[in-house]
Structures are given as C-alpha cells and as structure tokens.
There are 4 protein chains.
Amino acid sequence: MIKTERKQSILSSAEKLFAEKGFFSTSIADIIQDANIARGTFYIYFDSKNAIFDELIEDFIQSIDQSIYRINISDPSRDPFIQLKDNILRVANLLYNRSHLTKIILTYATGINHDLDQKINDFYKKIINLINSAIKLGIQMEIIRPCQSEIIALCILGCIKEVAHSLFTHENPSDKLNEIVDELINFSLRGLLNT
Amino acid sequence: MIKTERKQSILSSAEKLFAEKGFFSTSIADIIQDANIARGTFYIYFDSKNAIFDELIEDFIQSIDQSIYRINISDPSRDPFIQLKDNILRVANLLYNRSHLTKIILTYATGINHDLDQKINDFYKKIINLINSAIKLGIQMEIIRPCQSEIIALCILGCIKEVAHSLFTHENPSDKLNEIVDELINFSLRGLLNT
Amino acid sequence: MIKTERKQSILSSAEKLFAEKGFFSTSIADIIQDANIARGTFYIYFDSKNAIFDELIEDFIQSIDQSIYRINISDPSRDPFIQLKDNILRVANLLYNRSHLTKIILTYATGINHDLDQKINDFYKKIINLINSAIKLGIQMEIIRPCQSEIIALCILGCIKEVAHSLFTHENPSDKLNEIVDELINFSLRGLLNT
Amino acid sequence: MIKTERKQSILSSAEKLFAEKGFFSTSIADIIQDANIARGTFYIYFDSKNAIFDELIEDFIQSIDQSIYRINISDPSRDPFIQLKDNILRVANLLYNRSHLTKIILTYATGINHDLDQKINDFYKKIINLINSAIKLGIQMEIIRPCQSEIIALCILGCIKEVAHSLFTHENPSDKLNEIVDELINFSLRGLLNT
DNA sequence: GATGAATGAGTCTTCATTCAT
DNA sequence: AATGAATGAAGACTCATTCAT
C-alpha cells in the first residue's frame, strides 16, 4: 500500500470512529484496529491523537470554506439570490457527502486542543461575518428591512446547523436537499406570517 | 458546613469546570481542588463523575422544561404571541442566569452516558414538537403560511440555540434580552425581506 | 444499651459478616450497618478492623482450648477412650453452636495480621502436640500400634477440620453429632479394612 | 524476552506473592515490582488481578485432576491398592513441587470470585465422590467394613489436606514422600489400634 | 458516649506514546 | 516502513480512620 493510501485509510477509520463515539471515547486502539495497522504505524503518519483529529477538522472546514464563493452583485446577469442558493447548496452537498465529519463538527465540544477551538471559532466567525455583510448590503440596497444584522446572522447560522445536524447526521440522510434549502431560504426571507 | 451547602458547593465547582474544560478534560482532582474538599468527600455526595454530570444536566433541562408554559389559545384575553414571547423570555432569562450550564448543554457531546444522551434528545424532540404543533396550528388558523413545519421547527430551535450560545456563553453575556428576543421573533415571523 | 451489650452486638455482626464474606470483603460500613451504629461508635469499642477480628478469633480459640481437658490415665475408674470422646464431643458442640466462627477459622487465610497468624498456628500446634502425646502414650501402653505419630496427629486434626467444615459450615448443620463422632473415632482406631 | 516467557515470569511472581501474603494483601504494585515490569505490562498479559489468580488456580486444579487416574479393578494383574498409592504419590509429588500453589489452594478463602469458588468447590466435591465411590465399592467387595462412607470420605480428604499443608507448605518440604504416603494409607486402612 | 462528615493514602485500571527489532 | 511489546503518568474510586459537635 502506498503512503498516501495508507494515510487516507487511517484518516477514514478515525473519521468514522470520532463521529460514532466522540473524540475522547475513541482510543488509538480503536483506530488501529479499524485501519488494520500496528500501533507504531499510526505514529509514522500522525504525531498524536490530537494531530489526526486536527487534520480531519481543519481539512473539512477548509473544504467548506472553499465551497463558499463570494457573491458578486456588480454583474447584473447573475441574480444574487441564485448565487446565495448555489452557495448553500454546495455546502449542503458537502455536509451531506461527509456526514461523519458533519457530525463531528456539529457536536464539537471544546477542550481537546486550544488551537483547534480557535480555528473552529474563527471559521464560524468568518461565516457570521459573511452573512452579516450580506445582510448589511441588502439593507443598504433596501432589499432587506432594517434589523440588528448580528443577531440575524446568528439565527441563520443556527438554522443551517440545526437542520444539517438533524438531516445529515443520520445513517440515511435526507436527499431532498433542494426542497429543504428552498424552505430554509424562504423562511429566512419571508418568515412565517401569512401576508 | 451543612450537607446541602456542601453539595451545592461541589455542584457549583463542577458546573464551572465542565463549562470551561468539558466533561472529559475535567478530572475529579480539578473538582475537589476547586471545591476545596478531600477526594473521599466528593464520593460522599456523588457516586461518580458521571453521576454529578447527570444531576447537573437533568436538573437544568427540567428547569427549562418547567419554565415553558403551554400556550392557551382559547382565552381571547391572552394574545398567543405575547404568551410565546413570555415563554422565550423566561427561557432566555434562565439561560442567561445559568450561563455555565447553558454552555454545557449547547456543546454537549454524546457518549458520556447513554441514558443522558437519551434524555437530552428527548428534551430537544419535545421542544421541536412544541414548535411544530404551534406552527401547524398557525397554519390551520391561517395566521401562518403553509410550509414544511418540521424543517421550520428545526430552524427556530437552531436560531434559539445559536443566539443563546453566542450571547449567554461569554463571561459578560448581553443583557438586552428583550430587544434580542424581539429581533428573533420578528425574524421568524417576517423574515428578512423589505416588503 | 449498656456497654457490654453494645460491644456484643458489634462482635456479633462482625462475626456473621466475616463468616459470610471474609475479612477483606467485609467493610466497616457493612459492620456498622448491620449493628445499627454510627461509624465513630465502632471505634469507641474497637481500635481497628484488625482488632475486632483478632478479638473474635482469640476468644474462640480460647474457648476451644478450654473445652479440651487433659486426659487422666492414672484414674482407673475413667476410661481414657470415653474421656477422649467427651473431649471431641465438647469441641464438636462448640463448633456446632458457633458455626460462624467455625467457618472463619477453618477458612482462615494468612495475611491479615502476623500476630494472629502466629496465635492460630500455635493453637493448631498445641492440638497436634496433644494428639501426638496421646498417641505416643498409647504406643507405650501398647494400645496403639507403632507408627509415625506426628503424621498421624496431622491426619486426625485433618479429619476433624474437614468434617467440621463440611458439617458445621452450612446453614443447617447436621445435628447427629454423636453418630458422627463415633464414626470418626472408629475410623481412627480401626481404619477401613474389614478384618 | 518472548511473550510466553514474560507471562510465565509474571505468573511466577504472582504465585509466590499470593502464597506469601494472600490474594488481598498482594497488590499489583507488589507483583510488577517482583516481576520487574511496568504497570501497563501487567495488563497486556492479564485482564485484572482476579484474572491472574483465576488462571493460577484453575491451571493447578486441572493438573491435580489430570494426575489422578481412575482405578481399574477389572484387571487382576493390577493391584487396586497399588493403583491408589500411585495416585496419591502422583498428587503428592505435584503438591510437593508446586508448594506455593499448594499453600494457595489449601488456605483459599472464598470471596475473590464466585466462579472460582464454584470451581474449587466442584473440584473438592469430585474428589470426595471419587473416594466415596471407592469406599462403597470396597464395602460391596467386603474388603472394607460397613461405614458411613460420606463421613469417611471427608476424613480421608482432610488427612491429605492437613498432611499436605503441614509438609509441603514450608520452605523445605519433607522429601520422604513414600514413607509418608505409606503411613497415611496404613492409618486409613488399619487405624491406630494395636490388634 | 454517640455521631457522621471529612479525610487522604492506597488501589486498580487505562491508554497515549515510545522504541528496539 | 512496519511492528507490537513495553512504558508510566494519570485517572477514577474505596475505605479505614479521625475528630469536631
């Protein structure tokens, strides 16, 4: 087995186990058993149990990050709402396809590694800022009603996280992504009231 | 020190530490040091590390549960929206005042105790159901527009959790509860669009 | 409750528990619960867990010791065999009536207290010597055939211990003492062969 | 050091210490110190302190069991008394060579492990039954005088145990096995009386 | 005398990490 | 590169004993 394959195989086992049992309840013994390698071999590829967890999480938040494109409002041929929906769909698809990692970050509890806590916090802050800026822009353009955009940004992130947690964290996650995303956007834009 | 005081003091130390460092990274040594008691004393009051954690969580979800009153729609003198807002305010105040416990349940990672996992799941399901029923009722009464109420219920829970997490989890949580709750309700009812 | 009664009550609980669960598996908590006293009270009457065990054992081996009378062979009016049988019957009755203590000494494992080990050893040695002297006397008097009396003394002690263990250690010990003692004496004197 | 050697070395240390100090007074710390290994190494080879004790005892009673051959009375060329003596000699040699284990089982106090208690009880019951059947057969064949064979079987087991305990449990156990076994058989067959 | 809360040394057990082969 | 035996620090938990009330 070539180096990168072996590394992937270990990452894959760890990902599965961390999602199932959590970081602390997953032991190196569990991982090497699942990956079918010797104890020492694990430490050839990763410095520590923390290190493999970090790598998993960091790679994942980076992929999510890369699947979010900045919304272009200067080009009149591209509807910003469609760009928004495309972003959400791309992220949703990513979460859907990596349900183990989705579960891991959505139930991530601090206390494993301070650096990692920081990185995850920064990631969420970045998303909040992104949403926040979009809302503020919308308010300027008078598409969106005046509001405390920071609070609303939190709400929208919360919606996404809770829905993702509920839908993509099960063995057979829902596949009606499009419908669900529509519902979510609709709710965010129009609210519940029957007007 | 009388028995109940001592127990409270231990609970208090544990609550603080679990919130700061997480369940697994908090040792009995940490707790007894903080509570300024001997090792054996801890075990007079609690059977195990799991037991004290369970007690903390169970008591908290019970308080939250008890602060939510069923909304009465048959009495025309009581505006259901005000009843809703009162519920949210009561819960918000509770979370605000018990910020350690709020942090603990909002970053709760499964795997500590299967029974507890179940109880927390049940609690969230109960809340989802409450919201879901309210939405369905609203739809019937044509106050609320037709929608996939299950998804929307998740959204609303997500909003509450994320806002709570962001605001009540810091050392000096925001005290503009009323404003925040208004913003949240407004968002849920009207959405973002400027109509 | 007067002092001696309370002490007896504690001794009684300890005796029962040591017999049931063994010295190490019986905790002070078990004893005070059974005796219905507070923790501190125990230490008014006994210095330590070892101390109560020692007292129990020492008193018991002393009673056994006192129930064995030296056999008088100079008085022709008293058949030595009857004196022997009377001795055995007295001991047997004692064991029968104190089945808890019988179980404790018969399953006594060293390692609790070096002094006590010594005392029990000395007690058994004394009995062995008693039997040994009796046999030697019998040989001199030509009642008993020549033999290695030390080995035979061990055999006889072994017979008594094993029979006692089997019979007096159960919930309802056998009450056919007389028959059993006859059988034992017969075996020792005549052996198994059909002559 | 190869795995089986290391395991033997640990078993050997444990055997010595359990014999010297008893199960409860022997700590894992004692064993690993004597075996000159690290704490964790012990747990590579044995699941627990109970487990190593069980293994020691079970293996030993199995060896004893296997050294006892069923006595063949249908073959006229083989004297049953010689077969009996051979059995006793084989067991005696085994006990003589494993004096630590001999001490352990002869002072075994119940309460360490219920399964093990059962196995040891069963083992002794099996021996009692063996002796009992032999006596009954002897009675039928009119070699042995009529008697309460159950009591006598206990006596014979008691003789063997006490003699074994006294002789093989010391640092330098007696090596006059043949003589001792003869004495024991003689006593059992002929008793003490000078006829 | 009686109480029972408090103590802390001692015990078993786990597990991430190392390193000689 | 791969192995897996060995390590030992760190953790949870127990329990005989003490002592202020």
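Chain naming here is simple, since letters A, B, ... match the order of the sequence lines and numbering starts at 1 in each. These numbers come from a predicted model, not from an experiment. These values consider heavy atoms only, across backbone and side chains, with no hydrogens, waters or symmetry-generated copies.
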Rounded distance (Å) that lies between atom C1' of E/dG8 and atom CG of B/Asn36: 14 Å
Can you tell me the distance, in whole Å, between the CD1 atom of D/Ile37 and the P atom of E/dC12? 13 Å
Heavy-atom donor-acceptor pair, C/Thr102 side chain to C/Phe168 backbone, under 3.5 Å: no
Looking at C/Phe23, I'd like to know if the NZ or CZ of C/Lys49 sits under 6.0 Å from its six-membered ring centre while staying within 45 degrees of the ring's axis. yes
OP1 or OP2 of E/dT3 less than 4.0 angstrom from a side-chain nitrogen or oxygen of C/Thr41, does that happen here? yes
DNA chain F: A/Ile44 or B/Gly40, which has the more 5' nearest nucleotide? A/Ile44
Between C1' on F/dA6 and CD1 on D/Ile32, what's the gap in Å once rounded to a whole number? 12 Å
Think D/Lys3 forms a cation-pi with D/Tyr45, using NZ or CZ under 6.0 Å from the six-ring centre and within 45 degrees of its axis? yes
Round to a whole Å and report the spacing from OH of A/Tyr43 to P of F/dT7. 17 Å
Nearest-nucleotide 5' precedence on DNA chain F, A/Phe42 against C/Thr26: A/Phe42
Closest nucleotide among E/dT7, F/dT7, E/dT17 to the B/Ala38 side chain: E/dT7
Between B/Lys49 and F/dC13, is there a side-chain N or O to OP1/OP2 distance below 4.0 Å? no
To the nearest Å, give me how far apart NZ (D/Lys21) and P (E/dG10) are. 13 Å
Want to settle it: does A/Phe24 or D/Asn50 sit nearer the 5' end of DNA chain E, counting the closest nucleotide to each? D/Asn50
Shortest side-chain distance from B/Arg6, nucleotide among E/dA16, E/dT7, F/dA2: E/dT7
Residue of the set D/Asp59, D/Asp115, D/Leu116 for which side chain to side chain contact (heavy atoms under 4.5 Å, CB included) holds with D/Asp54: D/Leu116
With respect to the side chain of B/Arg39, which nucleotide from F/dT14, E/dA16, E/dT3 is positioned closest? F/dT14
Please report, rounded to the nearest Å, how far the C1' atom of F/dT7 is from the CD atom of D/Gln33. 17 Å
Does E/dT14 pair with anything, Watson-Crick or G-U wobble, both distances under 3.5 Å, and if so, with which nucleotide? F/dA9
Would one find a side-chain N or O of B/Tyr45 under 4.0 angstrom from OP1 or OP2 of E/dA6? yes
Re E/dT21: Watson-Crick or G-U wobble partner, both distances kept under 3.5 Å, found to be F/dA2
Separation of atom CG in A/Asp30 from atom P in E/dT14, rounded to whole Å: 13 Å
A/Asp30 side chain to A/Ser27 backbone, donor-acceptor under 3.5 Å: yes
Please state how far atom CD1 in B/Ile2 lies from atom C1' in E/dA6, giving the value in whole angstrom units. 16 Å
